[in-house]
Number of protein chains: 2
Amino acid sequence: MPPSTPKQASRRRVRLDRLLDPALLRALAEPTRAKLLSCLLKCGRPCSVTEVAACCSVDFSTVSRHLATMARAGLLTADKQGRTVWYSADGESLAAHFRDLAEAIDELSPDEGCCGGTACGSDGGC
Amino acid sequence: MPPSTPKQASRRRVRLDRLLDPALLRALAEPTRAKLLSCLLKCGRPCSVTEVAACCSVDFSTVSRHLATMARAGLLTADKQGRTVWYSADGESLAAHFRDLAEAIDELSPDEGCCGGTACGSDGGC
DNA sequence: GCAATACTTGCATAATGGCGTCAGTACGCA
DNA sequence: TGCGTACTGACGCCATTATGCAAGTATTGC
């Protein structure tokens with residue numbers, strides 16, 4: 001019985017399920033937000049909302065909201081000083097998250113799995 | 001002028017912009033889809049829509065749609081044999097994609113960037 | 001205090017997306 | 001040819017979200 005049925009397999013609690021964070025992924029999945037994040041990463045320093053808004057054609061308030069959304073999702077950190085808010089992207093931790101995701105997926109691949117793809121427990125629990 | 005303004009930085013065409021594929025990320029960002037993908041990865045073999053649908057509580061047609069969406073985004077491959085469609089997740093290529101993403105982000109970090117964070121071209125083009 | 005700057009928030013609108021129902025298509029088998 | 005299985009597609013409902021505009025809230029400088 002090489003691996004198991006999907007239903008059995010789905011009961012296994014794995015690291016991947018935690019790393020596939022919907023909030024973070026949704027924050028990344030919107031093109032405008034992705035562009036803003038990329039912009040902040042390229043810039044490599046904290047930037048104000050005004051500065052970032054100059055990168056794209058959408059309204060200033062929209063940019064403000066997008067940045068707040070990404071900060072809430074943990075993609076950015078906000079540092080308010082006086083009347084300006086400095087947003088910065090932590091490239092290292094984001095890269096680390098993606099590497100963790102890659103690792104978590106590798107853990108599930110048949111080649112390196114619990115049973116080498118040859119036999120699993122009857123409950124698919126490996 | 002350490003790095004540049006976000007506006008200048010945003011003009012740089014980098015690998016990250018290609019890897020931050022909205023279609024792929026949107027396909028991953030939906031909890032039900034993430035669960036289905038995880039299920040297929042855990043299972044480690046091609047599964048039919050019927051099998052996968054047994055993993056979650058949503059309607060069969062919804063599962064069919066989700067799987068088609070992920071296939072369109074390149075997360076899954078579909079192989080129709082007779083009247084059943086075998087969907088399979090390529091864990092290796094997905095993991096590779098995430099690793100590429102991590103690398104592309106690292107390429108932008110000031111520590112390893114073009115100029116070590118000390119000086120960039122006046123056009124921010126590095 | 002007053003004006004300007006830098007954001008945030010409320011509101012209305014439009015678009016998107018997920019979902020179930022139900023009908024249709026395609027295939028296998030007797 | 002008829003029936004059952006395995007999906008897919010069209011349709012409508014509803015919740016969420018992206019967006020622009022306008023008003024509001026700090027905060028700074030004069």
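Below, read A as the first sequence line, B as the second, and so on, with proteins coming before strands; counting in each chain starts at 1. Remember, predicted model here, so these are calculated numbers, not experimental data.
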Ignoring backbone atoms, test whether B:Thr32 places a side-chain nitrogen or oxygen under 4.0 Å from the OP1 or OP2 oxygen of C:dG18. no

Without decimals, in angstroms, what is the distance between B:Gln81 CD and C:dG28 C1'? 14 Å

Quick one: is B:Arg33 getting a side-chain N or O under 4.0 Å of the C:dG18 phosphate, OP1 or OP2? yes

Using side-chain heavy atoms (C-beta onward) and a distance below 4.5 Å, is B:Leu40 in contact with B:Leu67? yes

Provide the full list of ring-ring contact (aromatic ring centres under 6.0 Å, His included) pairs with a residue in residues 67-107 of chain B, sequence neighbours left out, each pair given once. A:Phe98-B:Phe98

Kindly indicate whether the side chain of B:Ser38, heavy atoms from C-beta on, has any atom under 4.5 Å from the side chain of B:Lys42. yes

Rounded to the nearest Å, what distance is computed from the CG atom of residue B:Leu25 to the C1' atom of nucleotide C:dG17? 16 Å

Locate the shortest heavy-atom distance separating A:Ala95 from B:Asp106; write the atom from each residue and the value. CB-OD1, 3.5 Å

Does a side-chain N or O from A:Ser48 land closer than 4.0 Å to OP1 or OP2 of C:dT5, or not? no

Please report the closest heavy-atom contact between B:Leu36 and B:Cys56, naming both atoms and the distance. CD2-SG, 3.8 Å

Protein-nucleotide distance (B:Leu28, atom CG; C:dG18, atom C1'), rounded to Å: 17 Å

Does the side chain of A:Leu94 reach to within under 4.5 Å of the side chain of A:Leu37, using non-hydrogen atoms? yes

How long is the line joining CD of A:Glu51 and C1' of C:dT5, in whole Å? 14 Å

Spacing between B:Met70 atom CE and D:dC7 atom C1', to the nearest angstrom: 16 Å

Consider the side chain of B:Val85, meaning its heavy atoms from C-beta on, and name the nucleotide among C:dG28, D:dC7, C:dT8 that approaches it most closely. D:dC7

Checking A:Arg33 side chain against A:Ala27 main chain: does a donor-acceptor pair fall under 3.5 Å? yes

As a test of reading the structure: which of C:dA6, D:dG4, D:dC7 is closest to the side chain of B:Arg83, going by heavy atoms? D:dG4

Rounded distance in Å - CG (A:Asp79) to C1' (D:dT27): 15 Å

Taking CD from A:Glu30 and P from C:dA15, how many angstroms apart are they, rounded to a whole number? 15 Å

Closest listed nucleotide, where the reference is the side chain of A:Val58 and the choices are D:dC7, D:dT17, D:dT19: D:dT19

Tell me, which of residues 59-68 of chain B have any heavy atom that sits under 4.0 Å from an atom in DNA chain D? B:Phe60, B:Ser61, B:Ser64, B:Arg65

For the pair made of NZ in B:Lys80 and C1' in C:dG28, what is the distance, rounded to whole Å? 13 Å

